[in-house]
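Input: a single structure, listed below in structure tokens.
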Amino acid sequence: MRERKPFVGGNWKMNTNRTTSADLTRGVIDALSSVNNAEIAIFPPFPYLLSVRSILRDRGSSIKLGAQDCYHKPDGAFTGEVSLDMLKDCGVQTVLVGHSERRHVIGESDEMINTKLRAVVDAGLIAILCIGETLDQRESGHTDPVNQRQLRTGLADVSADAFERIVIAYEPVWAIGTGKTATPEDAQDVHGKLRKLLAQMYNTDVAQRTRIIYGGSVKGANAEELFRQPDIDGGLIGGASLKAPEFAQIVKAASVTAAKT
Ligand code: PEP
């Protein structure tokens with residue numbers, strides 16, 4: 001039995017509507033009612049947070065409610081942004097920070113991501129810090145320096161105590177939404193190096209306790225072989241989280257492998 005409880009998040013991105021977000025929430029709750037050896041979170045679009053929260057609460061579900069992004073300022077003239085107080089008011093417990101689509105489509109910098117991460121942790125919520133190299137960076141041999149830089153800058157001025165509320169998601173950009181997945185060995189190689197870096201930056205206790213999850217075209221069919229790797233502690237799931245049975249299959253793979261390895 002692994003000491004780190006697996007974490008599996010379903011990132012719905014800019015998908016679903018009022019009806020389908022409710023249906024998906026009910027489907028996920030029903031499909032996962034028997035799983036207790038995994039921490040599960042779903043990340044609906046902002047407009048559906050409250051209705052998804054009501055369903056989770058009415059059904060007594062332990063599935064965490066997540067937000068896909070946040071703004072670090074508490075309030076003020078920041079048109080279009082959503083503060084952590086607002087998210088907490090909606091029952092949000094965990095927030096994605098630095099997702100590759102925020103970095104590469106919206107243009108968030110490492111520094112902005114660090115500011116957001118510190119704000120999430122200070123607000124008492126769980127931050128999922130997403131990092132990962134692009135295809136060009138991988139092909140030019142820069143996978144390790146890119147991930148190390150994103151980890152170091154993402155965690156600048158973050159204390160060891162904050163790791164109670166931090167999960168790292170390694171998500172190679174070339175694998176997100178493309179159907180291409182890192183091989184379990186390649187993913188393990190990066191995860192192992194990230195854990196070593198956490199030990200250098202903090203200490204072995206932080207490195208051993210912190211969940212490092214993998215994201216990038218995880219499916220029901222490939223989840224188990226990824227989660228069997230010693231340093232892969234679950235997944236961040238995009239496309240496959242929009243289908244309750246497949247998301248449940250992935251969560252169960254994390255739960256079963258954690259119990260066996
Ligand atoms: C993601 O959105 O974080 C993700 C990994 O997407 P997908 O599973 O679709 O590749």
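Throughout, numbering of the chain's residues begins at 1 and tracks the sequence.
Looking at residues two or more places apart in sequence or on another chain, you find no ring-ring contact (aromatic ring centres under 6.0 Å, His included) involving Y48. Residues passing the salt bridge (Lys or Arg N to Asp or Glu O under 4.0 Å) test with R53, sequence neighbours excluded: none. Every ring-ring contact (aromatic ring centres under 6.0 Å, His included) that F78 has, sequence neighbours left out, goes to Y71.
The distance from the CG atom of L96 to the CD1 atom of I128 is 6.5 Å, given to the nearest 0.5 Å. Separation of atoms CG (D75) and CG (L84) is listed at 12.0 Å; rounding is to 0.5 Å. The line from OG1 of T181 to CG of N222 is 4.5 Å long, rounded to the nearest 0.5 Å. Atom CG of N147 is separated from atom CD of Q137 by 8.5 Å, given to the nearest 0.5 angstrom. Considering CG of L226 and CD of E185, their distance stands at 9.0 Å, rounded to 0.5 Å.
Applying the side chain to side chain donor-acceptor pair (under 3.5 Å) definition to pairs two or more places apart or across chains, those involving residues 54-63 are D30-R59. Listed by first then second residue, pairs satisfying salt bridge (Lys or Arg N to Asp or Glu O under 4.0 Å) with a partner in residues 162-184 read E164-R209, not counting sequence neighbours. For residues 90-100, no residue pair satisfies the salt bridge (Lys or Arg N to Asp or Glu O under 4.0 Å) rule, not counting sequence neighbours. Residue pairs meeting the side chain to side chain donor-acceptor pair (under 3.5 Å) criterion with at least one partner in residues 77-86, sequence neighbours excluded, are absent. Pairs engaging residues 122-136 under the salt bridge (Lys or Arg N to Asp or Glu O under 4.0 Å) rule: E133-R138 [sequence neighbours left out].
Grouped by direct or indirect side-chain proximity (heavy atoms under 4.5 Å, Ile/Leu/Val/Met/Phe/Trp/Tyr only), M14 sits alone. Side-chain heavy-atom separations under 4.5 angstrom define the hydrophobic clusters, and the remaining members of the one that includes L135 are W174.
Here the closest non-hydrogen pair linking G66 and L49 is O-CD2, 3.4 Å. Heavy-atom minimum distance, S217 versus A175: OG-O, 2.7 Å. Shortest non-hydrogen contact noted between I55 and I29 is CG2-CD1, 3.9 Å. Taking each heavy atom of L236 and A169 in turn, the nearest pair found is CD2-CB, 4.3 Å. Contact record, A187 with Y214: CB-CD1, 4.0 Å, taken as the closest heavy-atom pair. Between H191 and D231, the shortest heavy-atom contact is ND1-O, 3.0 Å.
Residues D144 and K193 form a side-chain contact, since some pair of their non-hydrogen atoms from C-beta on lies under 4.5 Å apart. Using a 4.5 Å cut-off on side-chain heavy atoms (C-beta onward), H99 and E108 make no contact. The shortest distance between side-chain heavy atoms of W12 and T25 falls below 4.5 Å. For the pair I106/D69, no side-chain contact is recorded, criterion being any heavy-atom separation below 4.5 Å from C-beta on. When side chains are defined from C-beta on, Q150 counts as touching R103, because their heavy atoms get closer than 4.5 Å. At least one side-chain heavy atom of L198 sits under 4.5 Å from a side-chain heavy atom of L155. Contact annotation: the side chain of L242 approaches that of T16 to within less than 4.5 Å [non-hydrogen atoms, C-beta and beyond].
No side-chain donor-acceptor contact under 3.5 Å links R152 to the backbone of L197. The closest donor-acceptor contact from the side chain of K219 to the backbone of A240 lies at 3.5 Å or more, if one exists at all. Looking at R118, its side chain never comes within 3.5 Å of a backbone N or O of V158 through a donor-acceptor pair. In terms of modelled atom types and a separation under 3.5 Å, the side chain of K88 and the main chain of A123 share a donor-acceptor contact. Remark: side-chain polar atoms of T210 are not paired, donor with acceptor, to backbone N or O of A207 under 3.5 angstrom. Remark: the backbone N or O of T153 is not paired with any side-chain donor or acceptor of D110 at under 3.5 angstrom. No donor-acceptor pair closer than 3.5 Å links the side chain of T257 to the backbone N or O of E224.
Under a hydrophobic-cluster definition in which Ile, Leu, Val, Met, Phe, Trp and Tyr are linked whenever side-chain heavy atoms come within less than 4.5 Å, directly or via other members, I113 and I131 are assigned to the same cluster. Using a 4.5 Å cut-off between side-chain heavy atoms of Ile, Leu, Val, Met, Phe, Trp and Tyr, with links allowed through other members, V120 and F46 fall into the same hydrophobic cluster. When hydrophobic clusters are built by joining Ile, Leu, Val, Met, Phe, Trp and Tyr residues whose side-chain heavy atoms come closer than 4.5 Å, directly or via intermediates, L151 is not grouped with V167. In terms of hydrophobic clustering, with Ile, Leu, Val, Met, Phe, Trp and Tyr side chains grouped at heavy-atom distances under 4.5 Å, I63 and L65 are assigned to a common cluster. L125 and V97 fall within the same hydrophobic cluster, where Ile, Leu, Val, Met, Phe, Trp and Tyr residues are linked whenever their side-chain heavy atoms come under 4.5 Å apart, directly or through other members.
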Would you mind writing out the side-chain donor-acceptor pairs for residues 243-252 within the sub-3.5 Å range, not counting sequence neighbours?
residue: K243; atom: NZ; partner: E246; partner atom: OE1; Å: 3.4
residue: E246; atom: OE2; partner: G220; partner atom: N; Å: 2.9
residue: K252; atom: NZ; partner: A31; partner atom: O; Å: 3.4

Enumerate donor-acceptor pairs with a distance under 3.5 Å from any side-chain N or O in residues 34-44 to protein atoms, sequence neighbours excluded.
residue: N37; atom: ND2; partner: S255; partner atom: O; Å: 3.1
residue: E39; atom: OE1; partner: R211; partner atom: NH1; Å: 3.0
residue: E39; atom: OE1; partner: R211; partner atom: NH2; Å: 3.0
residue: E39; atom: OE2; partner: K64; partner atom: NZ; Å: 3.2

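Between D233 and K5, no side-chain nitrogen of the basic residue sits less than 4.0 Å from a carboxylate oxygen of the acidic one, so the salt-bridge criterion is not met.
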Would E101 and I176 count as a side-chain contact (heavy atoms from CB on, under 4.5 Å) if you check the C-alpha gap in whole Å, the side-chain angles of each, and the deciding distance to 0.1 Å?
CA-CA 9 Å; E101 288 141 24; I176 298 183; 3.6 Å; yes
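In the model, T20 has a side-chain atom that pairs as donor or acceptor with a side-chain atom of N17 under 3.5 Å.
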